[in-house]
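The structure appears right after this line, and notes come after that.
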Number of protein chains: 2
Amino acid sequence: MATIDDVARAAGVSTSTVSYVLSGKRPISAPTRARVERAIEKLGYRPHAGARALASSRTNVIALMAPLRVGVSVPVIMQFVAGVVTRARDFDHDVLLLTQDDVSGLDRVTSGSMVDALVMMDIEADDPRVPLVAAAKQPTVLIGLPEDPEGLSCVDLDFEAAGRLAVRHLAGAGHTDVALIGSPPEVLRRHTSYAERMMRGLRNQAKSSGVTVDVEACDSTPSGATEAVDTLLATAPDTTGIIVHNEGALPHVLARLADRGIVVGTDMSVVAVCPTDVALSQRIPMTSIDLPAEDIGKVAVDMVMARLEGEQPSETRLLAPVLTERASSAPGPAGALG
Amino acid sequence: MATIDDVARAAGVSTSTVSYVLSGKRPISAPTRARVERAIEKLGYRPHAGARALASSRTNVIALMAPLRVGVSVPVIMQFVAGVVTRARDFDHDVLLLTQDDVSGLDRVTSGSMVDALVMMDIEADDPRVPLVAAAKQPTVLIGLPEDPEGLSCVDLDFEAAGRLAVRHLAGAGHTDVALIGSPPEVLRRHTSYAERMMRGLRNQAKSSGVTVDVEACDSTPSGATEAVDTLLATAPDTTGIIVHNEGALPHVLARLADRGIVVGTDMSVVAVCPTDVALSQRIPMTSIDLPAEDIGKVAVDMVMARLEGEQPSETRLLAPVLTERASSAPGPAGALG
DNA sequence: TTAGCGTATTGAAACGCTTCGACGATCCAG
DNA sequence: CTGGATCGTCGAAGCGTTTCAATACGCTAA
């Protein structure tokens with residue numbers, strides 16, 4: 001492998017000149033730059049990442065800590081990941097993937113200076129990783145919202161507003177008895193932030209809209225969905241509007257409703273909270289509140305890069321929910337308009 | 001951040017001694033080792049990854065090039081990824097995630113010495129990435145099988161055997177007209193290796209078992225699946241056995257069959273080729289040939305690490321398919337036993 | 001003519017680690 | 001007792017960059 005010195009020799013300049021051509025941190029005359037670039041080209045030179053990291057304390061790598069936990073929808077995670085990786089490249093960064101059980105990994109990559117920054121997903125209300133990264137020298141942004149962000153930046157869909165929006169939509173269409181088929185019990189047990197925020201918004205809006213709301217946790221399996229639907233229909237038989245906030249269970253919920261002879265879009269209005277492509281790949285195009293996973297991933301990278309460059313203060317960004325009406329929801333017993 | 005020199009000073013030894021304690025490459029007396037370890041502990045010392053990479057030409061990072069392409073099942077990809085990440089940690093390595101469009105990324109991470117080795121997924125028959133990594137100094141293993149591996153190691157499910165096994169199963173149960181609902185057209189157009197191998201095995205076995213076989217490409221969408229089922233039933237109405245090799249389309253295929261009044265497990269035998277958990281989370285537990293994605297990922301790491309340590313020759317490992325009978329398949333018109 | 005300035009370039013000192021050769025001490029065989 | 005191994009430790013030379021201070025070279029202004 002050619003080194004920067006080889007390039008310098010080939011171009012007839014000093015090492016530092018080559019470095020400055022590469023980094024653009026100092027003005028270089030056009031002819032010199034051209035000679036250097038030609039030499040780089042000819043030698044197929046690539047700077048050594050380790051040497052660069054050592055000298056500059058910059059690795060051009062960010063860590064992405066992704067869950068792979070039971071109870072979270074894998075395709076949705078992947079959308080976040082895709083957003084992060086794509087956007088990271090725009091900033092000339094690569095992505096080191098850390099998984100769930102890898103809590104020690106946090107220490108390794110931060111203390112070992114393996115990465116310039118971190119993005120963490122699947123944040124719990126009281127997440128043990130938060131104090132760890134808050135103490136690290138690398139800037140971090142959380143996808144999700146812990147109880148105490150300890151000065152870290154956060155980004156997420158505004159699930160509380162989403163909960164309100166969903167109820168408002170159903171109540172406005174004349175439904176008086178609505179329900180949530182939500183996250184799996186494990187997710188709730190972990191106090192995963194999005195699930196709790198969703199429920200809060202839901203309950204508040206239900207109160208102020210004067211509708212009843214029943215909440216069912218739901219495993220992302222066929223049997224889990226069946227059970228949730230059956231329980232719901234038993235405990236709250238007057239329900240005419242369901243909000244499903246569980247990508248994995250969604251198809252099975254619809255299947256169970258169909259099995260029980262309930263026609264979605266007619267007998268029962270269903271609002272899904274999920275990425276649009278998931279909403280569209282159900283048996284019926286679903287009325288849904290979009291979970292813009294890929295966008296959120298991108299925003300996360302934007303935020304963390306901003307902190308890396310300037311000394312921005314930390315911030316929390318909650319994206320406004322957008323509801324798109326499709327075939328799965330319709331006016332309820334009290335008639336349209338609420 | 002404490003450096004190795006700080007540790008050496010605190011322990012009253014030389015820098016190199018600390019290094020040898022860390023790496024174990026030279027014998028160190030018990031008392032000295034203890035002193036050094038205490039100092040490390042006290043100072044919270046972590047070696048600087050960049051410095052280490054520079055001095056030792058080892059990064060303890062492997063690159064994972066994962067697709068995120070249209071037409072491949074995201075949950076399945078994630079299982080590969082999980083296997084790779086998990087196993088990599090067993091070898092004290094982290095994983096740098098490269099995505100699809102990142103062909104330049106290959107050059108970046110190899111020439112820039114960012115990684116010690118590579119694992120590449122979603123290999124096409126004539127994959128442009130193969131010559132690139134074959135020329136790189138880092139060992140690489142391919143998950144999949146290109147036409148010419150150019151000396152690289154490969155690992156995958158033996159899809160050709162899987163195709164044979166599926167047909168043998170159906171033919172043995174008395175089915176004389178079988179069909180494949182396979183990968184999306186894009187996947188075929190790319191000459192993705194697993195799809196082609198599957199079809200080859202299928203056709204060969206069909207010939208020698210004396211059964212007819214109809215092949216339908218299939219988009220992983222509800223409409224794609226509907227179309228594939230409808231076309232199949234129109235062009236080969238005598239079909240009583242279907243092999244579905246398309247995780248994304250599977251639920252929709254089953255839904256369409258149900259819509260058309262065809263009872264899977266009675267009127268129609270269906271064999272899925274997919275991870276077991278996917279097979280189990282359908283409306284009926286599916287007879288399936290397991291795609292052990294996570295295992296394959298792990299084996300890939302094992303192989304690449306073996307090449308990294310010793311100077312093993314490259315090898316190709318094709319995992320034998322295993323068919324598990326469940327509720328979706330039954331004897332066909334010619335009666336059980338073939 | 002010279003002092004002073006700005007711009008393009010250079011030299012050399014880090015950056016934090018690994019590793020090779022060397023060295024002193026201890027041990028055993030002859 | 002001596003010569004040669006063996007064992008544990010050390011010193012120093014890299015590894016390939018970046019970056020700071022310094023320099024060289026026109027300029028312009030005085």
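These values consider heavy atoms only, across backbone and side chains, with no hydrogens, waters or symmetry-generated copies. These numbers come from a predicted model, not from an experiment.
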Minimum heavy-atom distance A/Leu118-A/Val304, with the two atoms named: O-CG2, 3.7 Å
Residues touching DNA chain C, which here means a heavy atom under 4.0 Å, drawn from residues 8-19 of chain A: A/Val13, A/Ser14, A/Ser16, A/Thr17
Pairwise 5' ranking along DNA chain C for B/Leu22 and B/Arg26, keeping only the more 5' one: B/Leu22
A/Arg197 side chain to A/Ser193 side chain, donor-acceptor N/O pair below 3.5 angstrom: yes
Neighbour count above 12 (heavy atom, 6.0 Å) for B/Glu315 CD: yes
B/Glu41 CD: over 12 foreign heavy atoms closer than 6.0 Å: no
Span of DNA chain D, from the first to the last nucleotide whose atoms fall under 4.0 Å of chain B heavy atoms: D/dG8 to D/dG16
Set of side chain to side chain contact (heavy atoms under 4.5 Å, CB included) partners for A/Arg87, sequence neighbours left out: A/Asp90, A/Phe91, A/Lys298, A/Val301, A/Asp302
Residue whose closest nucleotide on DNA chain D lies nearer the 5' end, A/Met1 versus A/Tyr20: A/Met1
Using distance only, find each side-chain donor-acceptor pair of residues 8-17 of chain B under 3.5 Å and give its atom names and separation, not counting sequence neighbours.
residue, atom, partner, partner atom, Å
B/Arg9, NH1, B/Asp6, OD1, 3.3
B/Ser14, OG, B/Ser16, OG, 3.0
B/Ser14, OG, B/Thr17, N, 3.3
B/Ser14, OG, B/Thr17, OG1, 3.1
B/Thr15, OG1, B/Asp5, OD1, 2.9

Sidechain N-carboxylate O distance under 4.0 Å for B/Asp94, A/Arg108: yes
Exercise: identify the closest heavy-atom pair between B/Ala82 and A/Leu68: CB-CD1, 3.9 Å
For A/Leu318 against A/Leu157, the heavy-atom pair lying closest together: CD2-O, 4.3 Å
Contact residues, residues 34-62 of chain A to DNA chain C [heavy atom, < 4.0 Å]: A/Leu54, A/Ala55
Global bending angle along the helix from C/dT1-D/dA30 to C/dG30-D/dC1, which compares the axes of five pairs at either end, to 10 degrees: 50°
Qualifying residues under salt bridge (Lys or Arg N to Asp or Glu O under 4.0 Å), relative to B/Arg26, sequence neighbours excluded: none
Residues forming a side-chain hydrogen bond (donor to acceptor under 3.5 Å, both in side chains) with A/Ser19, sequence neighbours excluded: none
For A/Pro75 against B/Pro75, the heavy-atom pair lying closest together: CG-CG, 4.0 Å
Of all pairs that satisfy salt bridge (charged side-chain N to carboxylate O under 4.0 Å, His left out), the ones with a partner from residues 11-25 of chain B, not counting sequence neighbours: none
Sequence neighbours excluded, every pair satisfying side chain to side chain donor-acceptor pair (under 3.5 Å) that has a member inside residues 111-136 of chain A: A/Arg58-A/Asp116, A/Thr59-A/Asp116, A/Arg69-A/Asp122, A/Arg69-A/Glu124, A/Asp107-A/Ser111, A/Ser113-A/Lys137, A/Asp127-A/Arg129
Set of residues satisfying ring pair (Phe, Tyr, Trp, His ring centres under 6.0 Å) with respect to B/Phe80, sequence neighbours excluded: none
Interface limits on DNA chain C, where chain A has a heavy atom under 4.0 Å of a nucleotide atom: C/dA8 to C/dG16
